[in-house]
Amino acid sequence: PVTANAAQAGFGRGASDAFLLRVDPSRPPEDFLVYSTYLGGGGADVAYDLALVGPGRAAVTGYTLSDNFPIFAPAPAGYSRAAMADAFVSIVDTTIPGVSGLQFSTYFGGSHQDIGVKALAAPDGSLYVAGTTMSRNLPVTDASTKPSLIGSTSAFLLRFDPLPSD
């Protein structure tokens with residue numbers, strides 16, 4: 001069940017949706033679910049990891065096959081919507097009710113498969129997201145230590161500094 005304060009109250013109508021739950025184990029069993037929301041669109045959407053990025057806030061990463069995944073921030077320059085999976089990064093504030101609780105959400109990837117696998121909140125306030133790519137045109141910065149794909153699959157590392165929606 002989703003809670004009344006969910007950022008996305010309905011199933012996205014695809015093969016699967018990612019979801020985010022917040023529970024309070026100190027509450028009685030019938031009242032321990034504090035927050036529950038879907039996160040997805042018309043295709044398969046899968047979350048692999050989350051990082052707590054502040055009180056009631058979580059950064060979620062995974063992949064989407066949805067053309068209508070809930071996006072509230074422009075994709076990085078050079079992004080190309082893939083026919084395969086694209087990584088996503090979303091920040092949900094479970095203390096803000098409704099769609100306003102989805103504070104940041106974007107695609108990341110190139111023209112082939114890209115998957116967000118791990119999210120980490122760093123002590124300096126930045127957010128790191130690691131994943132895998134099969135895209136030869138993955139958007140990279142000038143400071144990238146590996147600016148192009150070598151072989152069929154590579155890892156990627158994103159850094160958001162400052163944290164989106166801070």
Side-chain angles (χ1 to χ4, degrees), residues 1-76 79 81-109 112-123 125-134 155-166:
V2 296
T3 53
N5 56 346
Q8 182 180 327
F11 183 66
R13 306 266 186 256
S16 63
D17 272 359
F19 64 91
L20 177 67
L21 300 175
R22 180 178 171 201
V23 297
D24 182 347
S26 69
R27 291 182 174 188
E30 67 276 2
D31 195 33
F32 80 103
L33 184 61
V34 176
Y35 184 85
S36 175
T37 190
Y38 289 108
L39 190 57
D45 307 296
V46 176
Y48 277 117
D49 198 25
L50 69 84
L52 300 178
V53 292
R57 295 178 74 207
V60 183
T61 191
Y63 74 84
T64 180
L65 296 172
S66 297
D67 289 330
N68 63 339
F69 189 84
I71 297 299
F72 290 96
Y79 165 77
R81 175 72 181 108
M84 300 181 78
D86 280 318
F88 72 83
V89 179
S90 301
I91 296 178
V92 179
D93 189 329
T94 64
T95 66
I96 300 173
V99 71
S100 297
L102 185 56
Q103 295 191 317
F104 175 84
S105 190
T106 192
Y107 293 116
F108 180 75
H112 209 45
Q113 179 172 288
D114 310 290
I115 299 173
V117 177
K118 183 72 179 162
L120 174 72
S126 56
L127 172 67
Y128 290 87
V129 175
T132 63
T133 183
M134 297 174 81
F156 67 79
L157 179 65
L158 296 172
R159 180 176 181 232
F160 293 94
D161 182 31
L163 191 63
S165 295
D166 264 357

Criterion side chain to side chain contact (heavy atoms under 4.5 Å, CB included) on Leu39 and Leu20, from CA distance to verdict: CA-CA 7 Å; Leu39 190 57; Leu20 177 67; over 6 Å; no
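- In this structure, CZ on Arg57 lies 4.5 Å from CD on Gln103, to the nearest 0.5 angstrom.
- The side chain to side chain donor-acceptor pair (under 3.5 Å) check on Thr95 picks up Asp93, with sequence neighbours excluded.
- Using a distance-only test at 3.5 Å, with no hydrogens or angles considered, no donor-acceptor pair links the side chain of Thr132 to the main chain of Ala155.
- Residues in residues 28-38 take part in no side chain to side chain donor-acceptor pair (under 3.5 Å) pair, two or more places apart or across chains.
- Listed for the Thr94 side chain is a donor-acceptor partner under 3.5 Å among the backbone atoms of Gly56.
- In terms of heavy atoms, Ser90 sits closest to Leu102 at CB-CD1, 4.1 Å.
- Annotation: side chain to side chain contact (heavy atoms under 4.5 Å, CB included) contacts of Ser126 (sequence neighbours excluded): Ala122, Asp124, Tyr128, Arg159, Asp161.
- Nearest heavy-atom pair across Asp49 and Lys118 is OD2-CD, 2.9 Å.
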Without placing hydrogens or testing angles, list every side-chain donor-acceptor pair under 3.5 Å for residues 40-48, not counting sequence neighbours.
from, atom 1, to, atom 2, distance (Å)
Asp45, OD1, Thr64, OG1, 2.3
Asp45, OD1, Ser66, OG, 2.9
Asp45, OD2, Gly41, N, 2.8
Asp45, OD2, Ser66, OG, 3.1

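- To the nearest 0.5 Å, atoms CZ (Phe104) and CZ (Phe160) are separated by 4.5 Å.
- For Ile71, the side chain to side chain contact (heavy atoms under 4.5 Å, CB included) criterion is met by Phe69, Ser105, Tyr107, not counting sequence neighbours.
- Atom-to-atom distance recorded for Phe88:CZ and Thr61:OG1 is 6.0 Å, nearest 0.5 angstrom.
- Annotation for Phe72: atom CZ counts as buried by contact number, over 12 foreign heavy atoms lying within 6.0 Å.
- Between Leu50 atom CG and Ile91 atom CD1 the span is 11.5 Å, to the nearest 0.5 Å.
- Looking at residues two or more places apart in sequence or on another chain, you find a side chain to side chain contact (heavy atoms under 4.5 Å, CB included) between Val34 and Arg22, Asp24, Arg27.
- In this structure, the separation between CD on Gln113 and CE on Met84 is 4.5 Å, given to the nearest 0.5 Å.
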